[in-house]
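These numbers come from the heavy atoms of this one structure, side chains and all, not from hydrogens, waters or symmetry mates. One-based numbering, in listed order, for ligands and for the atoms of each.
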Amino acid sequence: MARIAIVTGGTRGIGEAISLALQEQGMTVAANYAGNDERAKAFTDRTGIRAYKWDVADYDACQAGVQRVADELGAVDVLVNNAGITRDGTMLKMTYEMWDAVIRTNLGGCFNMAKAVFPGMRERRWGRIVNIGSINGQAGQYGQVNYAAAKSGIHGFTKALAQEGARLGITVNAIAPGYIDTDMVAAVPADVLEKIVARVPVGRLGQAHEIARGVAFLCSEDAGFVTGSTLSINGGQHMY
Ligand code: CAA
């Protein structure tokens with residue numbers, strides 16, 4: 001029986017590449033998305049992967065969304081918490097709304113989704129949870145106290161949940177991407193991005209599929225002894 005996987009934010013950017021990599025690995029994938037219907041439809045038409053719309057920041061919507069996936073595809077074995085947003089700004093300019101939106105989506109979303117899938121994984125004694133952190137959660141970033149706090153929180157969340165899952169056959173790991181060639185990074189002002197890329201030893205932005213390969217490994221059958229770890233895929237920018 002094919003494993004069933006949910007990838008949040010799974011129709012665009014890094015999430016799209018993860019959905020495809022898990023599909024290639026033989027899994028049945030449900031790609032969650034929050035807003036962009038047009039891109040989600042194009043994604044499904046292109047890949048055959050079903051897209052499911054709900055907001056990961058909404059606890060009840062996550063419970064209902066996971067139930068819907070389970071009813072339509074089967075019980076969820078794999079969760080990739082990839083959905084994330086940025087609301088960059090220096091402390092002086094950052095509003096409470098900017099702070100709150102990022103914490104609720106990027107960090108709250110991990111809790112909401114894990115909460116919905118964990119009991120079933122526990123019952124079946126098998127699960128894979130991969131959380132997408134960030135180099136900016138490891139190293140901080142000017143103008144990102146909200147995003148860095150959320151991503152740093154994801155790394156702590158990962159290690160704590162890994163301890164709870166270990167005896168239950170559930171592994172919980174994180175990937176910390178560096179700057180990847182996606183819409184999110186394209187929104188960084190060009191002069192700022194140029195300076196960031198100049199500090200990447202590999203000398204370029206990463207590609208989404210380079211993150212997806214790492215996720216696919218952590219979700220595989222033979223990664224059962226890897227848990228509580230963070231895999232940094234950042235071109236050597238921050239060696240952590
Ligand atoms: N270190 C030190 N000083 C910095 C700095 C840095 N990294 N970046 C900016 N500054 C300074 C500027 O030089 C400027 O100083 P002066 O006023 O003395 O000239 C001052 O801070 C204000 O800078 P800006 O004019 O750029 O201020 P702003 O308010 O218009 O914008 C900002 C600030 C929003 C942080 C903007 O610089 C920015 O968007 N930076 C990029 C942030 C970033 O990397 N985001 C990552 C998004 S992608 C992502 O998050 C994915 C992932 O996981 C990697």
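There is a protein heavy atom less than 4.0 angstrom from atom 50 (O) of ligand 1. Shown here, atom 12 (C) of ligand 1 is out of close reach of the protein: none of its heavy atoms lies under 4.0 Å off. Taking a distance limit of 4.0 Å, we find that atom 26 (O) of ligand 1 is approached by no protein heavy atom. Atom 18 (O) of ligand 1 is not flagged as protein-proximal [any protein heavy atom, distance under 4.0 Å].
Seen from the ring of Trp99, Arg104 does not count as a face-on cation partner, given the 6.0 Å and 45° thresholds.
When the options Tyr179, Tyr142, Tyr147 are ranked by their closest heavy atom to atom 4 (C) of ligand 1, first place goes to Tyr142. Nearest-heavy-atom check against atom 54 (C) of ligand 1 across Leu193, Val185, Asn136, Val192 picks out Asn136.
Closest to atom 29 (O) of ligand 1, if we only count protein heavy atoms, is Lys93 NZ, 2.7 Å.
Heavy atoms of Pro189 found under 4.0 angstrom from ligand 1 belong exclusively to the side chain. Looking at Lys151 against ligand 1, nothing comes within 4.0 Å, counting heavy atoms.
Within a 6.0 Å radius of NZ in Lys41, no more than 12 heavy atoms belonging to other residues, nucleotides or ligands are found.
Taking OG1 of Thr230 as the reference point, atom CG of Leu218 lies at 9.5 Å (rounded to 0.5 Å).
Using a 4.0 Å cut-off between charged nitrogen and carboxylate oxygen, Arg12 and Glu38 do not count as a salt-bridge pair.
The shell of residues lying under 4.0 angstrom from ligand 1, judged by heavy atoms, includes Ile196. Contact analysis leaves Gly137 out of contact with ligand 1, as no non-hydrogen atom separation drops below 4.0 angstrom.
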